[in-house]
Amino acid sequence: MEIKFEKDIEIEAGNIIGVIDEDRYFYNYLENLLFNKPVITVDSKKLNKTETRAFRKKISFVESYICDDYLNLSVYEYMKYSLINQFLVIKDYNKKIKDSLKIVGLDSKYLNKKISLLSLSEQRLVLFAISLLSNPNMIVFDNFFEGLDLKTTKFVINILNQLAEQYNKTFFIRCCDVDDIYALTKKVIIFEKNEFFVGGDTIEVFDDYIEILIKNGLPIPKTVMFTYRANSLKNTKLGYFKDIRDLIKDIYKKVK
């Protein structure tokens, strides 16, 4: 499924898409979609008002922290509150809460645990589980992976890949750390000053547009910058790799 937003923002559903967007323009755009009078095209068909409203209802947002006001609630109480707050009508909401927790690797013993007693990783997983309650087509993560341990990060990305491949779910990962964007995503869209700048395959965008990105003061992943400088200064032909180990292997092969 091909989705096109305004300003030539085109995405292919069923992907994990990184968003480099210092001012949270795209996040706010999606969150306030119904107030923007948007022009959205799905598979070359322009959505009408009713279809746009339905499209927005299938987008979930995941913050990085739980507000202090809710820390004394149990996981079950907080998730039930979230259901009510989102005006979700679910026939068996108890089962939905348990199923959503199970997807993110938290079993039923977490239901009665207080939020305040959970680790940062566990709290983030609860937030992820809440985003699944509405059975969304799109989930937008806002700095969700910042400070998250490597084990949990890999676990969540594995879940996202499964949901993308099996159910054609689309995930946007907005993150302040460009190295995380480069490592975790297959596609990327980059904004500068609330304007869409460039988008496409993550590795290809940073390879093909690196000089333009540098010229405009946009962030570059460390491994990409290293490769670019090595190729420019040493006249090497190193490839661009997400895994630093692959880059090291390439250095041993090509640099003497």
> How far apart are the closest heavy atoms of Leu106 and Leu125, and which atoms are they?
Replying inline: CD1-CB, 3.9 Å
>> So for atom CD, which belongs to Glu22, do other residues, nucleotides or ligands contribute more than 12 heavy atoms lying within a distance under 6.0 Å?
In response: no
> Does Asn158 use its side chain to pair, donor to acceptor, with the backbone of Lys154 at less than 3.5 Å?
Replying inline: no
>> Show, in sequence, the C-alpha distance, side-chain angles and deciding distance for Asp142 and Val140, and conclude whether the side chain to side chain contact (heavy atoms under 4.5 Å, CB included) test is met.
In response: CA-CA 6 Å; Asp142 190 41; Val140 185; 5.8 Å; no
> Does Leu120 offer a backbone N or O that forms a donor-acceptor pair with the side chain of Gln123 under 3.5 Å?
Replying inline: no
>> Centroid separation under 6.0 Å, is that true for the rings of Phe141 and Phe128?
In response: yes
> What is the distance from atom CD1 of Ile3 to atom CD of Glu10, rounded to the nearest 0.5 Å?
Replying inline: 11.0 Å
> What's the spacing between Leu213 CG and Tyr228 OH if we round to 0.5 Å?
Replying inline: 10.5 Å
> Less than 4.5 Å apart, any side-chain heavy atom of Thr152 and any of Arg124?
Replying inline: no
>> Please find the pair of heavy atoms, one from Ile11 and one from Thr170, that lie closest to each other, and give the distance.
In response: CD1-CG2, 4.0 Å
> Taking C-beta and beyond as the side chain, do Met225 and Ile214 meet within less than 4.5 Å on heavy atoms?
Replying inline: yes
>> Working note: Gln86 + Ile130, criterion side chain to side chain contact (heavy atoms under 4.5 Å, CB included); need CA distance, chi angles, decisive distance, verdict.
In response: CA-CA 10 Å; Gln86 294 178 59; Ile130 288 171; 3.7 Å; yes
> Within 45 degrees of the axis of the six-membered ring of Phe145 and under 6.0 Å from its centre: does Arg174 put its NZ or CZ there?
Replying inline: no
> Is the number of heavy atoms from other residues, nucleotides or ligands within 6.0 Å of CD (Gln166) greater than 12?
Replying inline: yes
>> Minimum heavy-atom separation for Ser64 and Asn143, please, with both atom names.
In response: CB-O, 3.3 Å
> So do the side chains of Leu118 and Val75 get within less than 4.5 Å of each other, counting heavy atoms only?
Replying inline: yes
>> Donor-acceptor check, side chain of Glu12 to backbone of Met1, threshold 3.5 angstrom: yes or no?
In response: yes
> Got a second to check how far Leu73's CG is from Tyr81's OH, nearest 0.5 Å?
Replying inline: 9.0 Å
> Nearest heavy-atom pair of Ala164 and Asn15: which atoms, and what distance?
Replying inline: CB-N, 4.4 Å
>> If I take atom CG from residue Leu148 and atom SG from residue Cys175, how far apart are they, to the nearest 0.5 angstrom?
In response: 10.5 Å
> Rounded to the nearest 0.5 Å, how far apart are CD of Glu165 and CG of Leu160?
Replying inline: 11.0 Å
>> Tell me whether Lys49 at atom NZ has more than 12 heavy atoms from other residues, nucleotides or ligands lying less than 6.0 Å away.
In response: no
>> I'd like to know if Phe171 and Leu30 are part of one continuous hydrophobic network [Ile/Leu/Val/Met/Phe/Trp/Tyr, side-chain heavy atoms within less than 4.5 Å].
In response: no
>> One pair to check against side chain to side chain contact (heavy atoms under 4.5 Å, CB included): Ile17 and Ile189. What are the steps and the verdict?
In response: CA-CA 7 Å; Ile17 304 166; Ile189 50 178; 4.2 Å; yes
>> Nearest 0.5 Å, please: how far is NZ in Lys96 from OG in Ser134?
In response: 8.0 Å
> Just wondering, are more than 12 heavy atoms of other shown residues or ligands nearer than 6.0 Å to NZ in Lys98?
Replying inline: no
> Honestly curious: do Leu184 and Leu127 fall in one hydrophobic cluster under the side-chain, below-4.5 Å linking rule?
Replying inline: yes
> How about Phe61 and Tyr27: are their ring centres within less than 6.0 Å of each other?
Replying inline: yes
>> Please give me the minimum heavy-atom distance between Val205 and Ile190, naming the atom from each residue.
In response: CG1-CD1, 3.9 Å
> Would you call Asp208 and Val198 a side-chain contact if the rule is heavy atoms closer than 4.5 Å?
Replying inline: no
>> Regarding Asp179 and Lys222, does a basic nitrogen lie under 4.0 Å from an acidic carboxylate oxygen?
In response: yes
> Short question: side chain of Thr41, backbone of Lys46 - any donor-acceptor pair under 3.5 Å?
Replying inline: no
> Would the number of heavy atoms belonging to other residues, nucleotides or ligands and lying under 6.0 Å from CZ of Phe226 be above 12?
Replying inline: no
>> Please verify the inter-ring angle class for Tyr78 with Tyr70; under 30° counts as parallel, over 60° as perpendicular, anything in between as tilted.
In response: tilted
>> Keeping Asp201 on the side-chain end and Glu204 on the backbone end, is there a donor-acceptor pair under 3.5 Å?
In response: yes
> Is Asn72 reaching over with its side chain to a backbone N or O of Ser116, donor-acceptor style, under 3.5 angstrom?
Replying inline: no
>> Phe55 vs Asn137, test: side chain to side chain contact (heavy atoms under 4.5 Å, CB included). Steps then yes/no.
In response: CA-CA 9 Å; Phe55 182 91; Asn137 292 329; over 6 Å; no
> Checking Lys58 side chain against Asn135 main chain: does a donor-acceptor pair fall under 3.5 Å?
Replying inline: yes
> Is a donor on one side and an acceptor on the other found under 3.5 Å between the side chain of Arg53 and the backbone of Leu34?
Replying inline: no
>> Let me check something: do Val19 and Leu163 share a hydrophobic cluster, defined by ILVMFWY side-chain heavy atoms less than 4.5 Å apart, either directly or through other members?
In response: no
> Would you say Ile203 and Tyr182 make side-chain contact, with heavy atoms under 4.5 Å?
Replying inline: yes
>> Could you tell me if the side chain of Ile97 sits less than 4.5 Å from the side chain of Leu133, heavy atoms only?
In response: yes
> Which atom pair, heavy atoms only, marks the closest approach of Lys187 to Thr185?
Replying inline: O-OG1, 3.3 Å
> Counting distance only, does the side-chain N/O of Arg229 pair as donor-acceptor with the main-chain N or O of Val224 below 3.5 Å?
Replying inline: no
> Is a donor on one side and an acceptor on the other found under 3.5 Å between the side chain of Asp149 and the backbone of Lys151?
Replying inline: yes
> Does a sphere of radius 6.0 Å around CZ in Phe197 hold more than 12 heavy atoms from other residues, nucleotides or ligands, not counting ones at 6.0 Å or beyond?
Replying inline: yes
> Would you say Leu132 and Phe172 are hydrophobically clustered, going by side-chain heavy atoms of ILVMFWY under 4.5 Å?
Replying inline: no
> Do Ile220 and Phe191 share a hydrophobic cluster, counting only Ile, Leu, Val, Met, Phe, Trp and Tyr and linking them when any side-chain heavy atoms are less than 4.5 Å apart?
Replying inline: no
> How about Phe5 and Phe26: are their ring centres within less than 6.0 Å of each other?
Replying inline: yes
>> Between Asn161 and Lys186, is there a side-chain heavy-atom distance shorter than 4.5 Å?
In response: yes
>> Within the 4.5 Å heavy-atom criterion, are Met79 and Leu101 side-chain neighbours or not?
In response: yes
